[in-house]
Amino acid sequence: MRLATWNVNSIRTRADRVIDWLERADVDVLAMQETKCTDAQFPMMPFAALGYEVAHVGLNQWNGVAIASRVGLDDVEIGFEGQPTWSSKPEEEATAEARALGATCGGVRVWSLYVPNGRTLADPHYAYKLDWLAALRNTAAGWLKEDPEQPIALVGDWNIAPKDEDVWDMAAFKGSTHVSEPERAAFQAMHDAQFTDVVRPFTEGPGIYTYWDYTQLAFQKRRGMRIDFILGSPGLASRVTGAEIVKDERRPKKGTTAPSDHAPVVVELA
DNA sequence: ATGGTCGTTAAACGA
């Protein structure tokens with residue numbers, strides 16, 4: 001089974017590229033983030049035509065997560081237990097809930113996650129991000145307590161660069177989110193709860209990124225960040241036989257829309 | 001050059 005995650009930065013704009021890649025990549029389950037549309041606006045038809053079922057949650061032009069699967073899509077769950085909401089305003093609460101979607105696909109529990117960006121260290125969104133990650137860790141640890149063997153994949157855009165080598169220049173990120181000690185501690189806490197990065201062992205080294213800013217010719221200048229991850233429970237990690245970051249999908253192509261600013265990340269399971 | 005590029009939706013604002 002091949003499982004992938006991709007922050008698509010609008011599925012309506014990107015459907016042609018996502019579908020084109022799905023046809024070529026032999027991916028069984030694709031988790032998407034930043035779909036940027038409502039459930040009614042999600043372009044279901046091209047996925048169905050390829051044999052994929054899709055679950056999606058999105059209530060406006062921000063956030064939105066989805067899971068497309070051709071190996072079954074059961075027990076769909078919007079949000080995880082204890083997931084913090086951003087605001088008391090109803091429409092923004094809904095936005096917060098559109099950051100996590102769970103489903104069981106081919107016997108694997110898959111969560112498509114769009115971790116809050118945090119904006120700046122002083123912004124209330126930063127505290128929200130840390131709260132969100134703490135709640136995820138606690139809830140996910142609870143799942144493993146119930147059944148330590150179950151294969152669970154926590155995949156998506158974590159908006160954290162865990163290591164210095166995961167950004168193109170640490171000096172450029174001084175005082176910024178994504179590299180702060182509390183964010184990195186939150187990422188490590190997932191590992192302490194036995195959810196480990198199953199892609200890193202197959203994609204080691206500096207200069208291996210999953211995201212490149214649209215501005216300043218960042219992709220061409222190789223100025224990227226590694227912020228998209230697949231974390232696996234022990235029952236999932238033991239089945240991993242390979243992984244890749246599909247950098248080519250970040251490349252601009254003639255005759256089609258702009259690429260997402262993120263590349264897909266794929267893991268192969270026995 | 002205190003910008004640059006994308007996406008949303010129609011003037012900013014978020015990433």
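Heavy atoms only: backbone and side chains are in, while hydrogens, waters and symmetry mates are out. Naming: A, B, ... by sequence-line order, numbering from 1 per chain.
Hydrophobic clustering (side-chain heavy atoms under 4.5 Å, transitive across Ile, Leu, Val, Met, Phe, Trp, Tyr) groups A:V265 together with A:Y114.
Mapping A:I11 and A:L217 onto DNA chain B via the closest heavy atom, the residue that lands nearer the 5' end is A:L217.
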Distances for protein N/O vs nucleotides 12-15 of chain B N/O pairs under 3.5 angstrom?
{"unit_1": "B:dA15", "atom_1": "OP2", "unit_2": "A:R119", "atom_2": "NE", "d": "3.1"}

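Between A:F42 and A:F47, a ring centre-to-centre spacing shorter than 6.0 Å is recorded.
Contact between A:Y126 and A:T177 at its shortest, heavy atoms only, is CD1-CG2, 4.0 Å.
When the side-chain nitrogen and oxygen atoms of A:T13 are compared with OP1 and OP2 of B:dT8, one or more of them lie within a distance under 4.0 Å. For the pair A:R14 and B:dC6, the criterion of a side-chain N or O lying under 4.0 Å from OP1 or OP2 is not met.
With a 6.0 Å radius and a threshold of 12 heavy atoms from other residues, nucleotides or ligands, A:E81 has its CD atom at or below the threshold.
For A:D16 and B:dG7, the CG to C1' distance is 15 Å, given to the nearest whole Å. Between the CD atom of A:Q61 and the C1' atom of B:dT8 there is a distance of 5 Å, rounded to whole Å. In this structure, A:K221 atom NZ and B:dG4 atom P are separated by 14 Å, rounded to whole Å.
Counting only distance, with no hydrogens or angles, the side chain of A:N7 and the backbone of A:N9 share a donor-acceptor pair below 3.5 Å.
Spacing of P atoms, B:dA12 relative to B:dA1, comes out at 26 Å, to the nearest Å.
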Original post:
Do A:T257 and A:D16 pass the side-chain contact (heavy atoms from CB on, under 4.5 Å) test, and can you show the C-alpha distance, the side-chain angles, and the key distance before you say yes or no?
Top reply: CA-CA 8 Å; A:T257 48; A:D16 57 345; 3.3 Å; yes

